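When reading the values below, keep in mind they use all heavy atoms of this one structure, side chains included, and skip hydrogens, waters and symmetry mates. The shown structure was predicted, so the numbers you read here are calculated from the model rather than taken from an experiment. Throughout, numbering of the chain's residues begins at 1 and tracks the sequence. Start at 1 and go down the list; that is how both ligands and their atoms are numbered.
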Amino acid sequence: MAGSLAAISFAKLQQIESIAIFDRDGAFGRGLAYSATAPWHRINVPAYKMGGVGAEDTEGFADWLAETGQANWCDYSGSFVPRWVYGDYIAAQLSEIVASGRAVLHTDAIAHVERNQSGYELTSSSGHRQTFDFVFLCLGNPSPSPFPGVETSPRSITDVWAPGALDPIGLTDHVLVIGTGATAVDVVIDLNRRGMRRPITMISRRGLLPLIDAPAQIDPTPLENWPEPTVRGIFAALVKDTHRKMAAGIPWQTSIDTFRLQIARLWTDATLAERERFSRHLRAIWLVHRHRLAPDVAQSLDRMQGEKNLNVLAGRIVSAAATSAGYDVAIHRRGGTAMQLTVNWILNCTGPEERYDRIENPLVKSMLASGIARRGNNGLGLDVDETCQIVNLAGDVQRGLYAIGHATRGAFWEVTAATNIRQQILNITNTLKTMVH
Ligand SMILES: Cc1cc2nc3c(=O)[nH]c(=O)nc-3n(C[C@H](O)[C@H](O)[C@H](O)COP(=O)(O)OP(=O)(O)OC[C@H]3O[C@@H](n4cnc5c(N)ncnc54)[C@H](O)[C@@H]3O)c2cc1C
């Protein structure tokens, strides 16, 4: 998705002669999120918040939905369209730049990148070699690493997005989902729609599900001055401001959305220790407010819990011993009690691996090994400067070699939503205008 969006944006620059897009899965325009095929895998913001492509095109996706007669963005609930529709939107624009000859698509994995005298030479796993002036790494969300304490077994599914990953699960099996975020919710809804006849159990440290979205309102007095530049000080001020606005009838979602726009700057300014503090104490609470659910998805979860088809636990997995039929799981519940569960499947929905020295992507492994890249701040993603250019092991900015999206987590933290990716691409497009002659 990010690679295609970037190509569509860069194709408008006359200085750019040609663009090549490599994707190992051939998922051009869609990637992982927007290749979803189930109608209940929905965007988690109303369509207009997904944005368009160019700087002026702030509601491009919503406008396209209206033009193609698919949804009216004024219909708040109806504009949480299936994710594939956003994929259609990007793919439609991508096909225009391919048809015009501005971009060429290659279904191939890039395994290595190396600097040479004329730019960056890429080597693909099929042996293709080509040198480019600019390279943009838009590698998406790496699968989670195996969950600590869970023994290896075919009954543990780590990549829940792999095609057919959930197919072996029987309708009367007992499933334990680790994680209670957006991916976990998608998987639970998916299993429920398949007709699971056994309650599904979800577990996370705090047992918090994402909260429901609400129609946006203009924030009349956005909070911009922070009395104390610490995680504790910032969040205390945010909570106070949110309560004050709620008393005036402004939904809490409005304050959160205003605050989100400032996170990259606050994160960049924060000390490493403050960032660690945020990750340890506030991350889970922040995420459920930040990544929200379409109203009817939230209602489906409520209904499942009410009908005892979904059980959400707060606690920690102490161990999960593989058995012939699944797992015996020992759990330490939040609050102190111990608990045993016998399940047939464990699904790891803890979200993408953020420590890039642990991920399996051969390109990332080779870049970290050669020193053309290094780990990002707090061990997250890859190190980039404020313009998203990669910083090498020696601390030198690799001019023309960029990372976009999830890999830049360590530098900006708030980097995964379509709107954040779009903003990174707009900034880079502006830089390119001045760099390329
Ligand atoms: C399930 C899910 C739902 C989401 N829903 C929303 C939403 O509703 N709204 C929102 O704003 N955001 C959402 N997001 C967040 C965001 O929009 C996505 O994370 C976004 O798709 C990221 O784009 P990307 O290009 O970085 O990754 P992707 O779109 O996944 O693309 C990465 C591509 O790179 C390829 N690749 C990786 N390594 C190599 C290599 N070495 N060589 C060649 N190809 C390679 C992969 O095969 C993949 O196709 C969602 C994310 C997920 C995972």
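Residue contact check: Cys138 has heavy atoms under 4.0 Å from atoms 32 (C), 33 (C), 34 (O) of ligand 1. Numbered from 1 in the order shown, with element, the atoms of ligand 1 that lie under 4.0 Å from a heavy atom of Asp108 read 43 (C). Short contacts between ligand 1 and Ala109, defined as distances under 4.0 Å to a heavy atom of the residue, involve ligand atoms 42 (N), 43 (C). Near Leu32, meaning under 4.0 Å from any of its heavy atoms, are these atoms of ligand 1: 28 (P), 29 (O), 30 (O), 53 (C). Distances below 4.0 Å separate heavy atoms of Arg30 from the following atoms of ligand 1: 29 (O). Listed by atom number, the atoms of ligand 1 under 4.0 Å from Ala417 heavy atoms are 11 (O), 12 (N). Every atom of ligand 1 with a heavy atom of Gly31 under 4.0 Å away is listed here by number and element: 28 (P), 29 (O), 30 (O), 31 (O), 49 (O). Every atom of ligand 1 is numbered from 1 in the order shown, and the set under 4.0 Å from a heavy atom of Ile43 is 8 (O).
Heavy-atom minimum distance, Ser4 versus Leu94: OG-CD2, 3.6 Å.
Nearest to atom 11 (O) of ligand 1 by heavy atom, out of Ala47, Gly51, Ala418, Ser125, is Ala418. Across Trp161, Tyr34, Tyr86, Phe22, heavy-atom proximity to atom 6 (C) of ligand 1 is greatest for Tyr34. Closest to atom 15 (C) of ligand 1 by heavy atom, among Ile421, Thr416, Val160, is Thr416. In the candidate list Ala33, Ser35, Gly3, Ala33 is nearest to atom 52 (C) of ligand 1, counting heavy atoms. If you check each of Ala407, Pro352, Gly140 against atom 24 (P) of ligand 1, the one with the closest non-hydrogen atom is Gly140.
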Next item on the list: Let me see the working for Ser255 and Asp219 under side-chain hydrogen bond (donor to acceptor under 3.5 Å, both in side chains), right down to the final yes or no.
Entry: CA-CA 7 Å; Ser255 308; Asp219 191 338; 4.8 Å; no
Checklist line | Thr387 and Thr431: CA distance, side-chain angles, deciding distance, side-chain hydrogen bond (donor to acceptor under 3.5 Å, both in side chains) verdict | finding: CA-CA 8 Å; Thr387 64; Thr431 322; over 6 Å; no
Notebook entry, point to check: Is there a side-chain hydrogen bond (donor to acceptor under 3.5 Å, both in side chains) between Asp213 and Tyr76 once you walk through the steps?
Noted result: CA-CA 10 Å; Asp213 193 58; Tyr76 165 73; 2.8 Å; yes
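A side-chain donor from one of Ser9 and Thr429 sits under 3.5 Å from a side-chain acceptor of the other.
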Compile the donor-acceptor pairs under 3.5 Å between side chains in residues 200-209 and protein atoms, sequence neighbours left out, one pair per line.
residue, atom, partner, partner atom, Å
Thr201, OG1, His174, NE2, 3.0
Ser204, OG, Thr180, OG1, 2.8
Ser204, OG, Gly207, N, 2.9
Arg206, NH2, His281, O, 3.1

Atom pairs and distances, donor-acceptor, side-chain atoms in residues 400-409, under 3.5 Å, two or more places apart:
residue, atom, partner, partner atom, Å
His406, ND1, Tyr356, OH, 2.7
Thr408, OG1, Gly405, O, 2.7
Thr408, OG1, Gln424, NE2, 3.0
Arg409, NE, Glu354, OE2, 3.0
Arg409, NH1, Trp413, O, 2.5
Arg409, NH2, Glu354, OE2, 3.0

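Protein heavy atom in closest approach to atom 19 (O) of ligand 1: Asn141 ND2, 2.9 Å. For atom 45 (C) of ligand 1, the closest non-hydrogen atom on the protein side is Arg24 CG, 3.8 Å.
Looking at ligand 1, you won't find any N or O of Arg83 less than 3.5 Å from one of its N or O atoms.
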